[in-house]
Structure formats: C-alpha cells, structure tokens
Peer 1: 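This is the structure I have questions about; it appears just below.
Throughout, residue positions are numbered sequentially from 1 according to the sequence presented.
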Amino acid sequence: MCMSRILKTSGFLGLATMMVVGLYQYTLLESGGVPSWLVGGHAHLGVLSILAVVMGFAVDAFALTGRLRAAVSGLFVVGQWLLPLTIWVGVGFGLLFLIPTTFLWGLCLIVSMLIMAWQAWVSEPTTPGGMSGPATPADD
C-alpha cells in the first residue's frame with residue numbers, strides 16, 4: 001500500500017474519529033461538563049489528522065522514496081494516533097504511568113517533520129499527477 005495513501009487515509013479517519021468524539025463531548029456538555037483531558041485529546045487528534053492529510057500530499061510532491069517515505073509516514077501515523085489516545089487512556093482510565101510516553105509520540109511527529117523539512121530544503125517539489133505546470137482555476 002502506498003505510504004502517502006496511509007497518511008491520507010489515517011488523516012481522514014482521524015478527522016471522522018475526532019468528529020465522533022466532538023459529538024460525545026456535546027452530550028457530556030448537556031449533562032454537566034466535559035473533562036479537560038477529553039478536550040485536549042480531541043484537539044490534538046483534529047490538528048494532527050489535518051496534518052496527516054497534508055503530509056500525504058507533501059510526501060508525494062517531494063517524491064520521497066524508500067526508507068525516508070516509510071519513516072515519515074510511519075512515524076507520523078504513530079504520533080498522530082498514540083499521542084491523543086495516550087491522553088484519553090492515561091487520564092481517562094487513570095493509567096497515569098502512560099502519560100510520559102506522550103513525549104515519545106511527540107518525538108515521532110518531530111522526527112517526521114524534520115525529515116520533511118530536510119527534504120524541502122534539498123529538493124524541489126514535483127508537480128502531482130504528471131501535469132506540466134501549476135493547476136488552472138476551475139470554471140465553476
């Protein structure tokens with residue numbers, strides 16, 4: 001399976017999950033209040049999921065291949081999901097010993113971004129879809 005497809009799919013799945021959590025938070029709000037740990041995980045998953053979709057297109061645009069492509073995709077998806085899940089499970093279920101692992105998941109995200117920063121510095125992005133130039137505006 002194409003690594004950029006994994007990033008994009010993970011991003012859209014994360015956004016759908018974040019929306020479900022948002023609806024759940026609304027029901028909690030109606031019945032008394034939303035715990036701050038639930039809000040924090042919701043926000044992290046939302047932002048990281050949007051970035052996963054963007055990263056999927058950036059990996060394609062910069063034509064990453066091989067281990068770099070796998071590292072960027074794998075590290076980002078791991079961080080995208082495990083950072084908010086660790087907050088939800090760690091605080092929500094009282095498993096506070098898990099909380100320090102958020103640094104590890106954050107490090108996965110940082111390394112993924114640093115690889116992309118290096119790639120952006122050393123190469124020019126390619127034009128996606130085999131087009132010869134920039135996209136033209138639509139006629140709608």
Peer 1: Is the side chain of Thr9 donor-acceptor paired with the backbone N or O of Ile6 at a distance under 3.5 Å, no angle test?
Peer 2: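 Here the side-chain-to-backbone pair does not exist.
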
Peer 1: Do Leu82 and Thr101 come close enough that some side-chain heavy atom pair is under 4.5 Å?
Peer 2: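 Of all side-chain heavy-atom pairs linking Thr101 with Leu82, none is under 4.5 Å.
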
Peer 1: Test of understanding: with side chain to side chain contact (heavy atoms under 4.5 Å, CB included), list the residues that count as partners of Val91, not counting sequence neighbours.
Peer 2: Trp37, Leu96, Ile99

Peer 1: Rounded at 0.5 Å granularity, tell me how far CG in Leu38 sits from OH in Tyr24.
Peer 2: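 Result: 7.0 Å between the selected atoms.
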
Peer 1: Out of curiosity, Gln25 CD to Met18 CE, how far, rounded to the nearest 0.5 Å?
Peer 2: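 Interatomic distance, Gln25 CD to Met18 CE, rounded to 0.5 Å: 10.0 Å.
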
Peer 1: Apart from Tyr26 itself, what residues make up its hydrophobic cluster when side-chain heavy atoms of I, L, V, M, F, W and Y under 4.5 Å apart count as a link, directly or indirectly?
Peer 2: none

Peer 1: Can you tell me which residue among Leu7, Ile115, Leu64 is in a side-chain contact (heavy atoms from CB on, under 4.5 Å) with Arg69?
Peer 2: Leu64

Peer 1: In this structure, would Phe93 and Trp105 fall into the same cluster of hydrophobic residues linked by side-chain contacts under 4.5 Å?
Peer 2: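 Not linked; separate clusters.
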
Peer 1: Can you hop from Val47 to Val54 via hydrophobic side chains spaced under 4.5 Å?
Peer 2: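 No, it is not one cluster - the side chains of Val47 and Val54 are not joined through contacts under 4.5 Å.
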
Peer 1: Side chains of Lys8 and Asp60, heavy atoms from C-beta outward: is any pair under 4.5 Å?
Peer 2: yes

Peer 1: Around atom CD of Glu124, are there more than 12 heavy atoms from other residues, nucleotides or ligands closer than 6.0 Å?
Peer 2: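 Counting other residues, nucleotides and ligands, CD of Glu124 stays at 12 neighbours or fewer.
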
Peer 1: What's the spacing between Leu85 CG and Thr102 OG1 if we round to 0.5 Å?
Peer 2: 12.5 Å

Peer 1: Contact between Met113 and Phe76 at the side-chain level, heavy atoms closer than 4.5 Å - yes or no?
Peer 2: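 SC-SC contact between Met113 and Phe76 confirmed.
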
Peer 1: Any heavy-atom pair between the side chains of Pro84 and His42 that's under 4.5 Å?
Peer 2: no

Peer 1: Tell me whether Ser112 contacts the main-chain N or O of Cys108 through its side chain, where contact means a donor paired with an acceptor under 3.5 Å.
Peer 2: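 Not a single qualifying donor-acceptor pair exists.
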
Peer 1: Between Met19 and Leu29, is there a shared hydrophobic cluster once you connect ILVMFWY residues whose side-chain heavy atoms come closer than 4.5 Å?
Peer 2: yes

Peer 1: Under a single-linkage definition using a 4.5 Å side-chain heavy-atom cutoff for Ile, Leu, Val, Met, Phe, Trp and Tyr, are Leu13 and Trp88 assigned to the same hydrophobic cluster?
Peer 2: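 In one cluster: yes.
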
Peer 1: Can you get from Phe12 to Leu23 by hopping between Ile, Leu, Val, Met, Phe, Trp and Tyr side chains that sit under 4.5 Å apart?
Peer 2: no

Peer 1: For side chain to side chain contact (heavy atoms under 4.5 Å, CB included), just list the numbers for Ser49 and Gln80, CA-CA rounded to whole Å, side-chain angles, deciding distance to a tenth of an Å, and then say yes or no.
Peer 2: CA-CA 7 Å; Ser49 295; Gln80 172 202 359; 3.0 Å; yes

Peer 1: Are any of the side-chain heavy atoms of Ser10 and Trp81 separated by less than 4.5 Å?
Peer 2: yes

Peer 1: Given Val21 and Leu45, is the side chain to side chain contact (heavy atoms under 4.5 Å, CB included) satisfied, shown in steps?
Peer 2: CA-CA 10 Å; Val21 171; Leu45 184 59; 5.6 Å; no

Peer 1: So, taking the atom named CG in Leu15 and the one named CG in Leu48, what distance separates them when rounded to the nearest 0.5 Å?
Peer 2: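 Leu15 atom CG to Leu48 atom CG measures 10.0 Å (nearest 0.5 Å).
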
